Amino acid sequence: MSSPLDLTEADPRPPFTVTLDGREIEALPGQTVAAALWAAGVTSWRTTRGAGRPRGVFCGIGVCFDCLVTVNDRPGQRACLVPLQPGDAIRTQEGTGHDD
């Protein structure tokens, strides 16, 4: 099976490392938090308030707010919209990420 990078003949800059709850994850320049997490096999990184149901990407365009995550101590970031930078620290989030 071909990689999407092979199909598009893409030649991105070298990957870099970010962390998810302390676990190292490789990311490519230009990837969003959601894209890097999906590529690493992570499909859920938030739980809902009250019921604690798992959430990840739903709409993928920043409309639904299901993909909220904490990035560099800033809660409530939409993972589908936030581009990653080397060394970013991502944390899973419960509810809104604020003390509810």
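Side chains included, hydrogens not; waters and symmetry mates left out as well; all remaining heavy atoms used. Keep in mind the model is a prediction, meaning the values are calculated, not measured.
- Counting all heavy atoms, side chain and backbone alike, G62 lies closest to L81 at CA-CD1, 3.8 Å.
- Within the structure, side chain to side chain donor-acceptor pair (under 3.5 Å) pairs that include any residue of residues 27-43 do not occur (at least two apart or interchain).
- W45 places a side-chain heavy atom less than 4.5 Å from the side chain of C67.
- Put simply, CG on N72 and OG1 on T19 are 8.5 Å apart, with the number rounded to the nearest 0.5 Å.
- Linking ILVMFWY residues whenever their side-chain heavy atoms come closer than 4.5 Å, directly or via other members, leaves I25 and L28 in distinct clusters.
- Between V57 and L37, the closest side-chain pair of non-hydrogen atoms is not below 4.5 Å.
- Residues forming a side-chain contact (heavy atoms from CB on, under 4.5 Å) with P29 (at least two apart in sequence, or on another chain): R13, F16.
- The salt bridge (Lys or Arg N to Asp or Glu O under 4.0 Å) pairs that include a residue from residues 21-41 number zero, where partners must be two or more places apart or lie in different chains.
- The salt bridge (Lys or Arg N to Asp or Glu O under 4.0 Å) analysis of residues 60-87, with sequence neighbours excluded, yields the pairs R46-D66, R55-D66, D73-R91.
- Between C64 and C59, the closest heavy-atom pair is N-SG, 3.5 Å.
- Side-chain atoms of T48 come within 3.5 Å of backbone atoms of R53 as a donor-acceptor pair (strictly under, hydrogens ignored).
- For the atom pair OG1 of T17 and CG of D88, the computed distance is 11.5 Å after rounding to the nearest 0.5 Å.
- Under the 4.5 Å side-chain heavy-atom criterion for grouping Ile, Leu, Val, Met, Phe, Trp and Tyr, V33 is not connected to L68 through any hydrophobic cluster.
- Members clustered with V63: I61, by chain and number, using a 4.5 Å side-chain heavy-atom cutoff among hydrophobic residues.
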